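What follows is a short report on a single structure.
Keep in mind that what you see is a predicted model, and the values were worked out from it rather than measured. All residue numbers in this chain count up from 1 along the given sequence. In listed order, ligands and their atoms are each counted from 1.
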Amino acid sequence: MLRWPVRPDIDLRLPEERDADELLAVIEDNRERLEEWLHWAHSTHTREDVLKFVQMARRDFQKPDGLHLLIVHQGRIIGGSGFVVFNELSNYGEIGYWIATEFSGNGIVTDCCRALINYAFCEMQLNRVQIRCATANARSAAIARRLGFLHEGTLRQTIRTNNRLDDEHCFGLLRSEWAKAKAAAG
Ligand SMILES: CC(C)(COP(=O)(O)OP(=O)(O)OC[C@H]1O[C@@H](n2cnc3c(N)ncnc32)[C@H](O)[C@@H]1OP(=O)(O)O)[C@@H](O)C(=O)NCCC(=O)NCCS
């Protein structure tokens, strides 16, 4: 099983086919909130839809085209996080995330992002990590700011959420900035 420990109670791990029912149940329990911000939630309704996601995650991991991981709390699936994009030519990745409402507000996603950023800069030797989110998604933007990403600009009408086109924040973090921040933190 491919897993990345984040903190004693939290792992990130690659999804497997046997996760399909559990993952679908978490998506159903959080559907309203997920559909507000994540377009994939609108097209994920059945076990087959989730299996397609699992197969894509495993295919993307091999290439690598992306890194789609589950957030797992003491063995239980509570969300997802990873790299929705790797741009090989320009050497950057883009992080995405979601978490079940009952686990929100504990810094779990922030800690998962920290682990992903370390992996991107130290293992994959990426030069840049970015986070994009709808300007109305304050909780998502707060994660980027908390992690020291620079707000680089606002893209106009680039994200479709709830069937309307919204503006998006673009946050970026360079490997040199991350190394400097880590050194300063000791
Ligand atoms: C966006 C989303 C992932 C944010 O989740 P979150 O729970 O706010 O994020 P974190 O796990 O990092 O938790 C941050 C909160 O924990 C608190 N916290 C507690 N301990 C913490 C710690 N050690 N480190 C950081 N934050 C901590 C923070 O103060 C913050 O609290 P707040 O709720 O008062 O602002 C979540 O709202 C979600 O799943 N939304 C739906 C899907 C979505 O929008 N995805 C993103 C699309 S771009």
*Within the distance-only criterion (no hydrogens, no angle test), does the side chain of Asn137 pair as donor or acceptor with the backbone N or O of Ala134 below 3.5 angstrom?*
no
*Does Thr101 offer a backbone N or O that forms a donor-acceptor pair with the side chain of Asn30 under 3.5 Å?*
yes
Qualifying residues under ring pair (Phe, Tyr, Trp, His ring centres under 6.0 Å), relative to [X], sequence neighbours excluded:
X	answer
His68	none
Trp4	Tyr119
Phe86	Phe83

*Return the protein residues near ligand 1 (heavy atom under 4.0 Å from any of its atoms), ordered by chain and residue number.*
Arg33, Trp37, Leu38, Tyr97, Trp98, Ile99, Ser104, Gly105, Asn106, Gly107, Ile108, Val109, Thr110, Arg132, Cys133, Asn137, Arg139, Ser140, Ile143, Arg146
_Salt bridge present between Glu28 and Arg31 (N-O < 4.0 angstrom)_ = yes
